[in-house]
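We number each residue from 1, following the sequence as shown.
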Amino acid sequence: MNRNLISGLFFAALTFGGASLAQETADTVAPEGASEGQVQALTDEVIASLEAKMAGIPVRSDNWMVAAAHPLAVEAGAKVLRAGGSAADAMVAVQVVLGLVEPQSSGLGGGAFLVWYDAATGTLTTLDGRETAPLEANHRLFLDKDGEPLQFFDAVVGGLSVGTPGTPALMEDAHRRWGRSPWPGLFQDGIRLAEEGFLVSPRLASLVEADSERLSRFPATAEYFLPGGEPLQQGQRLMNPDYAETLRVLASDGSAGFYGGEIAAGIVSTVRNAPGNPGVLSGVDLALYQVIEREPVCAAYRSFEVCGIGPPSSGALTVGQILGMLNDYDLAAMGPEDANAWRLIGDASRLAFADRGRYMADHDFVPMPTQGLVDPDYLSERSQLLNTEGALTEVSPGNPEFDHASNWADDVSLELPSTSHISIVDQYGNVLSMTTTIENGFGSRLMTNGFLLNNELTDFSFKTHSNGVPIANRLEPGKRPRSSMSPTIVMQDNAPVLAIGSPGGSRIIGYVAKSIIAWADWDMDVQQALSLPHLVNRFGTYDVEQGTSAEGFLDSLIELGYEVNPRDLTSGLHAIEIGEGLIGGADPRREGIALGE
Ligand code: GLY
């Protein structure tokens, strides 16, 4: 295949979303005006990986593998792994490039959760790098003067929604625990790309265009994303010298150079002086920020243990509840073509989301029945509710075992899709699964020092009480907002067999659960499992991936009693299966790839 055609394939891959993969591939042509630089930007290994993804074939390797949301970020990680670096080292290199080339989804101004399997000790560790609510914030932050919740985007855009970033501290913590390569070298690719420039992808260009009004509200953000008042164009070379400078500080001073000094001052001043919507983040919040090691949450599914991060994420608990309830049903015998399988998956998910809305929040602030929620006996009891002919007519939270008196009202919070997922296996057998975010696409839209600031605080429930009963996920000073991020490592016989995760707001949970079912029950390889069209049910309405074979279920789902909602479902799953060798997959709906050797 010639390189112009391949370049077209790259752009077709990047623009895939709703249209059929086959159609996109058949229509492959070099993008109009494709420059030599665009063509040369693709190395042979990236081309091979893109071809594999477009053909629905997983990538295979013997020693190491990295899968993430943009080829340049994956290449940066691959370079570190090839040179003998660990998965933690590679993650730092991937994250700093993602913050440049996919700035709308994750970066230094956001937070992340990380799951680590350590080959030397055979143990799992989970790290919480979630943002914290500023100490000057209070539970009324997102209420208007009449005590009514603000409109979502009135809260998101500006300083009010910005929590203390956790990603730089998480990168440093992971490197300190598990790094093998010198810290400064991990920033080299990010610095080079920020200084020399990178080509704006079609996805970034289209998201900038769609969000241009909000991005135009703040001068630093507008100058970067809307130079000369016009949205960035696909294929345009974009440089970010401020980001390069920030990376140089991090490389030389570590996270201390981020949580103090000029970068910290820039963050605080940007948040507190945001025109129209100033926030309350302070230098004290930044100085006090800590990564927290959490107890992993694991749920039994078939012969596997599905493990991830506990509260403040609801991810592992909710994925674990869905799978735990389905343990009693033979999905393998039903197969992916049976509408009854999707009834069971959809209603298990609804029951899990009912528990999530009632019980799940930052358990450093509210008591939570964490173990009770994934207790096999409790889930087996809940799963009996699924033993019906049609869709459940009533869904309410259960009563997991809990040694603490509690009376919570159901959560009211809106989570829109954004975020990014990184899966890495290194040559030493360590496995990393990390989901990373600035929350909404382009976060708070505030930019400082070359990166965007998160709007993570809008993951709290805006309402604090319902009928006088408090909501567990309400905002409190220092608290971490509940997340849906579900970085997962699936274990079998005490060894890791799959690393997986996705962006997608609260649909992350459905994307990850479906992919594990497709892989574990329906014998699909990781690429097939990720590519399988989505059907996601959180609160009753069945979201069905538009323009895919999933639409074939619309009539059956309506007959079963569901309201259906055909729509784009832009997950960004990245997964690596660990067996004799490594088998990687990347979501065809987004820009990412898997590379290995
Ligand atoms: N803000 C996305 C999540 O944490 O789930």
Side-chain angles (χ1 to χ4, degrees), residues 7 10-11 14-15 31-42 69-73 76 96-110 153 156-159 162 187 189-249 262-263 266-267 269-271 273-277 418 420 438-455 590-591:
S7 180
F10 176 60
F11 276 79
L14 298 191
T15 48
E32 214 176 321
S35 67
E36 191 63 14
Q38 283 172 354
V39 176
Q40 284 172 358
L42 303 170
H70 193 286
L72 292 174
V96 298
V97 175
L98 280 181
L100 178 71
V101 299
E102 200 203 31
Q104 71 276 15
S105 297
S106 76
L108 302 177
F153 278 105
V156 166
V157 180
V162 181
F187 294 82
D189 269 16
I191 292 170
R192 178 181 54 77
L193 288 164
E195 284 178 341
E196 292 176 2
F198 66 96
L199 303 176
V200 171
S201 74
R203 182 171 171 79
L204 174 55
S206 71
L207 292 173
V208 168
E209 175 148 30
D211 202 57
S212 50
E213 188 282 313
R214 292 186 188 117
L215 294 170
S216 72
R217 293 188 205 171
F218 308 107
T221 318
E223 203 177 304
Y224 186 66
F225 290 105
L226 309 162
E230 291 302 315
L232 289 171
Q233 297 295 303
Q234 155 183 335
Q236 182 173 341
R237 187 171 290 277
L238 182 61
M239 281 164 270
N240 189 340
D242 292 347
Y243 189 65
E245 186 49 36
T246 295
L247 295 185
R248 284 191 197 287
V249 173
E262 281 180 26
I263 297 175
I267 294 171
S269 144
T270 303
V271 169
N273 298 312
N277 200 4
S418 171
S420 206
I438 56 169
E439 214 305 283
N440 195 239
F442 303 99
S444 64
R445 278 71 174 178
L446 291 175
M447 197 164 184
T448 175
N449 294 289
F451 58 87
L452 285 161
L453 294 170
N454 70 82
N455 66 297
R590 298 275 275 256
E591 302 176 341

Roughly how far, to the nearest 0.5 Å, is the [atom2] atom of [Y] from the [atom1] atom of [X]?
| X | Y | atom1 | atom2 | value |
| --- | --- | --- | --- | --- |
| Ile191 | Arg248 | CD1 | CZ | 5.0 Å |
| Glu196 | Leu238 | CD | CG | 13.5 Å |
| Arg192 | Leu72 | CZ | CG | 8.0 Å |
| Asn240 | Glu245 | CG | CD | 11.5 Å |
| Leu453 | Leu108 | CG | CG | 10.0 Å |
| Thr246 | Leu100 | OG1 | CG | 11.5 Å |

Does any non-hydrogen side-chain atom of [Y] lie less than 4.5 Å from one of [X]?
| X | Y | result |
| --- | --- | --- |
| Pro241 | Glu195 | no |
| Val162 | Asn455 | no |
| Ser105 | Arg590 | yes |
| Leu207 | Asp211 | no |
| Leu247 | Phe451 | no |
| Gln236 | Pro227 | yes |
| Tyr224 | Thr221 | no |

Any donor-acceptor N/O pair, Asp242 side chain to Thr448 backbone, under 3.5 Å: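 No, Asp242 side chain to Thr448 backbone: no donor-acceptor pair under 3.5 Å.
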Check: Gln233 side chain, Pro231 main-chain N or O, donor-acceptor pair, under 3.5 Å: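 Yes; at least one donor-acceptor contact below 3.5 Å.
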Determine the minimum heavy-atom distance between [X] and [Y], stating which atoms define it.
| X | Y | answer |
| --- | --- | --- |
| Gly159 | Ala274 | N-CB, 3.5 Å |
| Leu98 | Ala69 | CD2-CB, 4.0 Å |
| Tyr243 | Gly450 | CD1-O, 3.5 Å |
| Pro71 | Glu591 | CD-O, 3.4 Å |
| Ala76 | Val97 | CB-CG2, 3.8 Å |

Non-neighbouring partners of Ser106 that pass side chain to side chain donor-acceptor pair (under 3.5 Å), sequence neighbours left out: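 So Ser106 forms a side chain to side chain donor-acceptor pair (under 3.5 Å) with Gln95.
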Trace of the side-chain contact (heavy atoms from CB on, under 4.5 Å) decision for Thr270 with Phe218: CA-CA 10 Å; Thr270 303; Phe218 308 107; over 6 Å; no
Within 45° cone of Phe198 ring axis and under 6.0 Å: Arg237 NZ or CZ: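 Judged by the rule (NZ or CZ under 6.0 Å from the ring centre, within 45° of its axis), Arg237 is not positioned above Phe198.
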Pair Ser201-Gln234, side-chain donor/acceptor within less than 3.5 Å: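 Side-chain D/A pair, Ser201 to Gln234: absent.
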Donor on one side chain, acceptor on other, Asn440 and Arg445, under 3.5 Å: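 There is such a pair between these side chains.
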Test side-chain contact (heavy atoms from CB on, under 4.5 Å) applied to Gln104 and Leu204, step by step: CA-CA 8 Å; Gln104 71 276 15; Leu204 174 55; 3.4 Å; yes
Worked check of side-chain contact (heavy atoms from CB on, under 4.5 Å) between Phe225 and Met447: CA-CA 10 Å; Phe225 290 105; Met447 197 164 184; 3.9 Å; yes
Atom CD of Glu209: over 12 foreign heavy atoms under 6.0 Å: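 Atom CD in Glu209 is not crowded, with 12 or fewer foreign heavy atoms closer than 6.0 Å.
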Worked check of side-chain contact (heavy atoms from CB on, under 4.5 Å) between Leu446 and Leu452: CA-CA 6 Å; Leu446 291 175; Leu452 285 161; over 6 Å; no
Full working for side-chain hydrogen bond (donor to acceptor under 3.5 Å, both in side chains) between Glu439 and Asn454: CA-CA 6 Å; Glu439 214 305 283; Asn454 70 82; over 6 Å; no
